[in-house]
2 protein chains.
Amino acid sequence: MALATKKIPSAKLRSAAFKRVRADHSAELAGDYVEMIADLIDERGEARCTDIAMRLGVANATVVKTLKRLQTAELITQEPYRAIFLTVEGWKMAEDGRRKHAIVEKFLLALGVSQETARIDSEGIEHHVSTETLRAMGKFLARNGG
Amino acid sequence: MALATKKIPSAKLRSAAFKRVRADHSAELAGDYVEMIADLIDERGEARCTDIAMRLGVANATVVKTLKRLQTAELITQEPYRAIFLTVEGWKMAEDGRRKHAIVEKFLLALGVSQETARIDSEGIEHHVSTETLRAMGKFLARNGG
DNA sequence: TTGAAAGTTTAGCATAGGCTAAGTTATATG
DNA sequence: CATATAACTTAGCCTATGCTAAACTTTCAA
């Protein structure tokens, strides 16, 4: 196995990036949910299952199931057949997400893409942007009238 | 249900972004695999299970299972206990991914982040960047000596 | 006040993508 | 050339995230 045994020194380094991506993904859904719940509470006074499902474009039952996980993670609280509330932790995560989201979206606009694209792409990108990159985007915005 | 019935006109528009993110995610893994297989073939002449597993940071069995899906999707071909090959379609996807990846990574570097961060963040970001945003990044690179 | 509509939950299914443990094949070398 | 080791595969488990269909609550309005 001469060929197969040759060590790849950077393998561990490489794998770190993919591990981060996988970790990002599992955190992503929770982030999207709490951010959306926060928006709904601010916009309409309360967050309901149906509205979340509609905005996310998934079935009601899917939302219910996910909310159970968020409750276990102590990000939300809810009583059967009642509106959904965020815990302190939940609000913190929502605010964090909003801040990040806003920077990425404004950044894309400043880069010259259309509003529609900025809105859509920022949704996917926001969860994969490190603090360092976020700071670089911030600086760019400061220089380019964000 | 006065409150709950109030229509949210932008709900469909909003949900489109999340739908794209979910679609991106299911395409993402396939993209990472074929890109990595292409790299291995170029670097070492062949792609083997173990190397993919090591670079991705997952167990061997996980790779095997995923490769089955890629075979069903006609992106790769393989015989039991032998190396993995890309189909024409697989090569196309790999090239596409590499091109995208390179632009995003160079873009992040040009934006001023460290090499390490550019490498890691680009891995997560590349799959969520639309053609329009990619073009904007390219333009930025042209202006800023990419 | 009661029934229909709207909203919520439960049950049951599917797929993706992880894992470990155990078995099978290939190969390098003594 | 026999065998130890490395590589690969299979089996079986788990969780996350989607779905539909059916059951249950709430609430509005006749």
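The sequence lines fix the lettering, A, B, ..., with proteins before strands; numbering per chain opens at 1.
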Can you give the donor-acceptor pairs under 3.5 Å from side chains of residues 73-82 of chain B to other protein atoms, not counting sequence neighbours?
none

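- With rounding to whole Å, B:Met54 atom CE is found 10 Å from D:dC8 atom P.
- Considering only side-chain N and O atoms, A:Thr50 lies nowhere under 4.0 angstrom from the phosphate OP1 or OP2 of C:dA6.
- If you take CZ of B:Arg48 and P of D:dT5, they are 20 Å apart, rounded to a whole angstrom.
- At the phosphate of D:dT17, neither OP1 nor OP2 sits under 4.0 Å from any side-chain N or O atom of A:Thr66.
- Within residues 73-82 of chain A, the residues that have a heavy atom under 4.0 Å from DNA chain D are, in order of number, A:Tyr81, A:Arg82.
- Residue B:Arg22 has no polar side-chain atom (N or O) positioned under 4.0 Å from OP1 or OP2 of D:dT17.
- Contact annotation for A:Val58: backbone-only contact, meaning every heavy-atom pair under 4.0 Å involves sugar-phosphate atoms and none involves a base.
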Residues A:His25, A:His128; criterion ring-ring contact (aromatic ring centres under 6.0 Å, His included); working and verdict: CA-CA 9 Å; A:His25 281 166; A:His128 300 281; 5.1 Å; yes
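- Closest non-hydrogen pair, B:Ile103 versus B:Gly138, comes out as CG2-N, 4.4 Å.
- One finds a salt bridge joining B:Arg48 and B:Glu46 here, because a Lys/Arg side-chain nitrogen approaches an Asp/Glu carboxylate oxygen to under 4.0 Å.
- Here the C1' atom of nucleotide C:dA16 and the NZ atom of B:Lys65 are 9 Å apart, to the nearest Å.
- Residue A:Leu67 is grouped with residue A:Ile41 when hydrophobic side chains (ILVMFWY) are merged at heavy-atom distances under 4.5 angstrom, including chains of intermediate members.
- Here C:dT20 is the nucleotide among C:dG18, C:dT20, D:dG18 with the atom lying nearest to any side-chain atom of B:Ala61.
- The side chain of B:Lys68 places an N or O atom within less than 4.0 Å of a non-bridging phosphate oxygen (OP1 or OP2) of D:dT10.
- By the criterion of side-chain heavy atoms lying less than 4.5 angstrom apart, applied directly or through intervening Ile, Leu, Val, Met, Phe, Trp or Tyr residues, A:Trp91 is grouped together with A:Leu70 in one hydrophobic cluster.
- Rounded to an integer number of Å, the gap from CD1 of B:Ile84 to P of D:dC8 is 7 Å.
- Taking atom CG of residue B:Asp51 and atom P of nucleotide D:dA6, one finds them 14 Å apart after rounding to whole Å.
- A side chain to side chain donor-acceptor pair (under 3.5 Å) with B:Ser122 holds for exactly one of B:Lys100, B:His101, B:Lys106; it is B:His101.
- To the nearest angstrom, C1' of C:dT10 lies 14 Å from CG of A:Leu67.
- Atoms CD (A:Glu46) and C1' (C:dG7) sit 11 Å apart, rounded to a whole Å.
- A:Arg69 comes within contact range of at least one nucleobase, with a heavy-atom separation under 4.0 Å.
- Between A:Thr62 and the phosphate of D:dT17, there is no side-chain N or O to OP1/OP2 separation shorter than 4.0 Å.
- The interatomic distance linking A:Arg55 (CZ) with C:dG7 (P) rounds to 14 Å, in whole Å.
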